[in-house]
Amino acid sequence: MRIVEPVAAPEEALALQAWPDHSPARMTRDFLLWRHLRVIRARAMRHVHLLADRLRGNAGPRAARSVYGVRMQSNWADRTFAYCQYGTYGPYLADLLASIDRPFAFLDIGANQGLFSLIAARNPLCERIVALEPVPETHRLLAANLALAGLGERARALNVGLSDVAGTHTISINPVHSGQASLEAHMAERSDCESIAIELVTMAGLDAHLPAGLPLFVKIDVEGHEPVIIEELLASRHAASVIGIFYEHDNRWTDNATICRALYRAGFAKLKRYGRGKHFDVLAGPSPVPLERIPAFEQGIAEVERQRA
């Protein structure tokens with residue numbers, strides 16, 4: 001007979017954040033049809049804007065307003081920017097950020113050019129934004145966009161990535177699709193990618209930037225390094241402050257079951273999936289009740305990776 005022990009409930013269990021209800025039927029329609037049409041529109045309009053830029057000549061930096069309502073420095077040479085402008089990512093994370101009903105801090109891991117940091121800033125209860133982007137050129141655009149929004153000291157753009165080991169590391173990037181940047185091997189093997197050196201920090205290295213006493217909402221989009229980051233986050237002193245984790249998952253390079261075990265061990269059992277097929281996002285929230293300790297879940301991600309090797 002398996003012996004289980006209770007896992008302590010989060011300190012804020014009686015005041016859990018209520019999230020918008022995105023119905024399964026609505027999401028099915030969106031991911032089967034509308035998302036694909038948004039992608040087609042973004043790709044087509046990207047080329048229209050590139051042509052217009054060439055005809056206009058070098059007129060200096062300009063700002064473009066996204067369908068999400070935020071302004072960003074024009075960067076039509078980048079496919080990710082076009083996706084930001086034409087709403088390819090759907091309304092889900094934007095709705096979650098707008099719904100947070102208490103003062104909070106937003107930790108944007110894999111911020112790219114800052115779309116969701118800018119959206120978070122539109123919620124007046126967002127008191128602090130810490131946006132991490134390790135690729136220097138993308139970080140330059142991130143910082144420019146935060147400045148364009150006039151966020152001042154409210155937002156900090158850090159030119160680093162997050163992992164379980166600090167120091168210099170190689171990252172693979174796609175020069176025409178900045179959202180395709182990864183520390184994992186699946187990107188390094190692609191012929192359309194190149195490698196550059198970037199700096200990594202651990203959660204302890206972010207302590208000086210994350211305010212004490214504020215609930216923390218975390219977005220993680222790092223093209224395959226999500227499991228390592230989630231475990232690093234949940235093992236940190238900030239774990240008890242987390243009201244939600246929104247992370248990207250792809251069955252081709254991450255094991256969602258391993259992530260779910262790490263979340264369960266930390267008291268996060270409220271999971272909602274956004275998307276279909278092998279690629280989707282997940283919202284993880286603290287459980288409102290204490291969770292049983294399950295010995296089979298005690299194995300950490302680092303140990304799993306050692307066994308696979």
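Quantities reported herein were computed from a predicted structural model and do not represent experimental measurements. Only this structure's heavy atoms are used, side chains among them; waters, hydrogens and symmetry mates stay out. Heads up: numbering here begins at 1 and tracks the sequence.
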Check whether any side-chain heavy atom of [X] lies under 4.5 Å from a side-chain heavy atom of [Y], and answer yes or no.
X    : Y    : answer
P20  : S99  : yes
D207 : H238 : yes
R154 : C126 : yes
I196 : V135 : yes
L107 : L210 : yes

Output the rest of the hydrophobic cluster of V165: all Ile, Leu, Val, Met, Phe, Trp and Tyr residues reachable through side-chain heavy-atom contacts under 4.5 Å, sorted by chain and number.
-> none

N251: partners by side-chain hydrogen bond (donor to acceptor under 3.5 Å, both in side chains), with sequence neighbours left out =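 With neighbours one apart ignored, the set is H249.
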
Look at the rings of H22 and Y274 and say which category their plane angle falls in: under 30° parallel, 30 to 60° tilted, over 60° perpendicular.
-> perpendicular

Can you name the closest pair of heavy atoms from T202 and E232 and give their distance?
-> CB-OE2, 3.2 Å

Closest non-hydrogen atom pair between L146 and S117, with its separation |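 Shortest heavy-atom contact: CD2-CB, 4.1 Å.
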
Can you tell me if [X] and [Y] form a side-chain donor-acceptor pair at under 3.5 Å?
X    : Y    : value
N174 : E194 : no
H225 : S163 : yes
H169 : E199 : no
R190 : Q180 : yes
S178 : Q113 : yes

For [X] and [Y], I'd like to know if the aromatic rings sit close, meaning centre-to-centre distance below 6.0 Å.
X    : Y    : result
Y89  : W34  : no
Y92  : F246 : no
H177 : Y83  : yes

Does [X] belong to the same Ile/Leu/Val/Met/Phe/Trp/Tyr cluster as [Y], with side-chain heavy atoms less than 4.5 Å apart forming each link?
X    : Y    : value
I109 : V242 : yes
V160 : I198 : no
I173 : V176 : no
L50  : F81  : yes
I245 : F280 : yes

If you measure from the Lys or Arg side-chain nitrogens to the Asp or Glu carboxylate oxygens, is any gap between R276 and D30 under 4.0 Å?
->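 So R276 does not pair with D30 through a salt bridge.
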
Salt bridge between E133 and R140, side-chain N to carboxylate O under 4.0 Å?
->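 No.
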
Residues forming a side chain to side chain contact (heavy atoms under 4.5 Å, CB included) with L51, sequence neighbours excluded =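 Side chain to side chain contact (heavy atoms under 4.5 Å, CB included) list for L51, sorted by chain: R54, L55.
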
